[in-house]
Asks: 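Quick one: structure below, then a few questions.
A, B, ... follow the sequence lines: proteins, then strands. Residue 1 opens every chain.
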Protein chains: 2
Amino acid sequence: MGDTFFWDDTGDIIRVLARQFGILNANCCDTCCGEEVSLVQSHIIIEIDRRTNPSMQEVARSLGMDITTFSRQIKTLESRRLVTRCQDPGDKRINLLKLTPEGVQVKQQINNRMKEYLELLFSELTEFERDTVVRSVRLLSRAMEKTGICCLR
Amino acid sequence: MGDTFFWDDTGDIIRVLARQFGILNANCCDTCCGEEVSLVQSHIIIEIDRRTNPSMQEVARSLGMDITTFSRQIKTLESRRLVTRCQDPGDKRINLLKLTPEGVQVKQQINNRMKEYLELLFSELTEFERDTVVRSVRLLSRAMEKTGICCLR
DNA sequence: TTGTTTTACTTGACTTTTGCAAGTTTTTAT
DNA sequence: ATAAAAACTTGCAAAAGTCAAGTAAAACAA
């Protein structure tokens with residue numbers, strides 16, 4: 001665990017990977033469909049889809065976004081009819097978010113494009129390596145959820 | 001390979017992970033040191049460090065950044081004395097980039113902070129899982145370099 | 001050699017995105 | 001009932017990104 005070289009290196013690689021997947025994602029958004037969806041907007045769409053009727057706070061926090069920026073993004077997405085807002089019946093302060101059918105469709109298209117890229121990327125790997133990678137991604141994802149590491153401010 | 005559910009899911013997880021590592025990285029920049037370094041600036045610094053005397057084009061391309069934005073960022077970083085530029089002796093059009101000692105230090109500090117987070121994150125995993133993850137990260141990184149997948153425009 | 005094209009960057013003039021401060025409305029706590 | 005907190009929204013200023021145009025050096029072609 002005290003192996004400095006090892007950690008330095010891994011940290012670097014992870015950072016670069018994260019950046020590159022970001023670019024990849026952005027490309028998917030650009031090229032997937034007529035709809036112009038920015039990278040952050042795609043994240044918002046994905047996150048709304050992953051949750052069930054989340055509040056704005058909930059989504060904004062999970063994305064590590066400032067609520068004010070988020071508020072404006074939602075306004076945009078709403079005007080493009082990709083997302084709808086409705087008041088929480090139990091608490092009038094809260095807006096619950098949902099994807100419109102178009103929103104779902106956009107999400108699907110981004111996903112498909114991503115899938116193409118991933119297939120290309122994974123074609124570089126052997127069956128065994130592929131499994132390793134998929135397992136790892138899940139492990140990391142779960143670990144991150146547990147530690148809540150990403151969103152501390 | 002035709003397992004739709006599998007791929008959909010993996011794509012989602014990777015996207016979310018990439019986002020979260022981005023946030024993580026941004027947090028590292030915010031909290032690591034007195035120096036105020038934005039996320040993009042940290043990526044630039046890291047990328048310059050990873051290469052040996054890269055040109056501006058080289059770094060900008062690898063980060064998927066517009067050269068004009070990049071040019072201005074370098075100007076800023078130069079004025080903060082984190083990066084230096086010098087003319088390529090063989091081709092006067094080209095500016096070669098290098099981190100200053102301060103730049104290296106900033107990079108180190110961001111790295112250390114990242115290391116702390118990673119250790120926390122990895123403490124959720126068993127020794128075996130940790131190895132799996134580290135191996136995967138390298139595999140992905142290499143595969144991405146091969147396909148050049150990230151930066152196609 | 002000379003003229004044309006390409007490459008590597010810079011600058012100007014925008015538009016978009018973001019973040020802080022301050023405000024509104026509703027809920028919770030005292 | 002009053003104060004404090006939570007969930008947003010809006011104003012404003014700074015940061016980042018884009019497009020068009022420009023400079024200077026290198027590569028290429030006649």
Asks: Hey, any chance B/Leu77 and B/Ile67 share a hydrophobic cluster, counting ILVMFWY side chains that come within less than 4.5 Å of each other, even indirectly?
Replies: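 Shared cluster, yes.
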Asks: For A/Ala143 and B/Glu124, which heavy atoms make the closest approach, and how far apart are they?
Replies: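 Of all heavy-atom pairs spanning A/Ala143 and B/Glu124, the closest is CB-CB, 3.9 Å.
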Asks: Does D/dA16 have OP1 or OP2 under 4.0 Å away from a side-chain N or O of B/Gln73?
Replies: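 So the side chain of B/Gln73 is within the cut-off, an N or O lying under 4.0 Å from OP1 or OP2 of D/dA16.
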Asks: Identify the two heavy atoms, one from B/Arg85 and one from B/Lys75, that lie closest to each other, and give their separation to 0.1 Å.
Replies: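 Distance-wise, the nearest heavy atoms are NH2-CA, 4.0 Å.
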Asks: Give the rounded distance in Å between these two atoms: CD of B/Gln41 and C1' of D/dA14.
Replies: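 The distance from CD of B/Gln41 to C1' of D/dA14 comes to 13 Å, rounded to the nearest Å.
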Asks: From CG of A/Leu39 over to P of D/dT18, roughly how many Å is that when rounded to an integer?
Replies: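 Nearest whole value for this atom pair: 12 Å.
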Asks: Can you measure A/Asp66 atom CG to D/dA15 atom P for me and round it to whole angstrom units?
Replies: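 From A/Asp66 CG to D/dA15 P: 16 Å.
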Asks: Indicate yes or no for a side-chain donor-acceptor contact from A/Thr132 to the backbone of B/Ser136 under 3.5 Å, with no hydrogens or angles considered.
Replies: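 No; judged by distance alone, with no hydrogens or angles, the pair does not exist.
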Asks: Treating primed atoms plus P, OP1 and OP2 as sugar-phosphate and everything else as base, which nucleotides of nucleotides 6-16 of chain C get B, S or - for protein heavy atoms under 4.0 Å?
Replies: -BSSBBBB---
Asks: Within the structure, does a side-chain N or O atom of A/Gln87 lie under 4.0 Å from either OP1 or OP2 of D/dA7?
Replies: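 For D/dA7, neither OP1 nor OP2 has a side-chain N or O of A/Gln87 closer than 4.0 Å.
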Asks: Quick one: A/Glu78 CD to D/dC8 C1', roughly how many Å, whole number?
Replies: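 Atom-to-atom, A/Glu78 to D/dC8, this comes out as 13 Å.
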Asks: Do the side chains of A/Glu47 and A/Arg50 get close enough for a salt bridge, i.e. N-O under 4.0 angstrom?
Replies: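 Answer for the salt bridge query: yes.
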Asks: State whether the side chain of A/Thr147 and the backbone N or O of B/Leu121 hold a donor-acceptor pair below 3.5 Å, judged by distance alone.
Replies: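 No, because the side chain of A/Thr147 does not come within donor-acceptor range (under 3.5 Å) of the backbone of B/Leu121.
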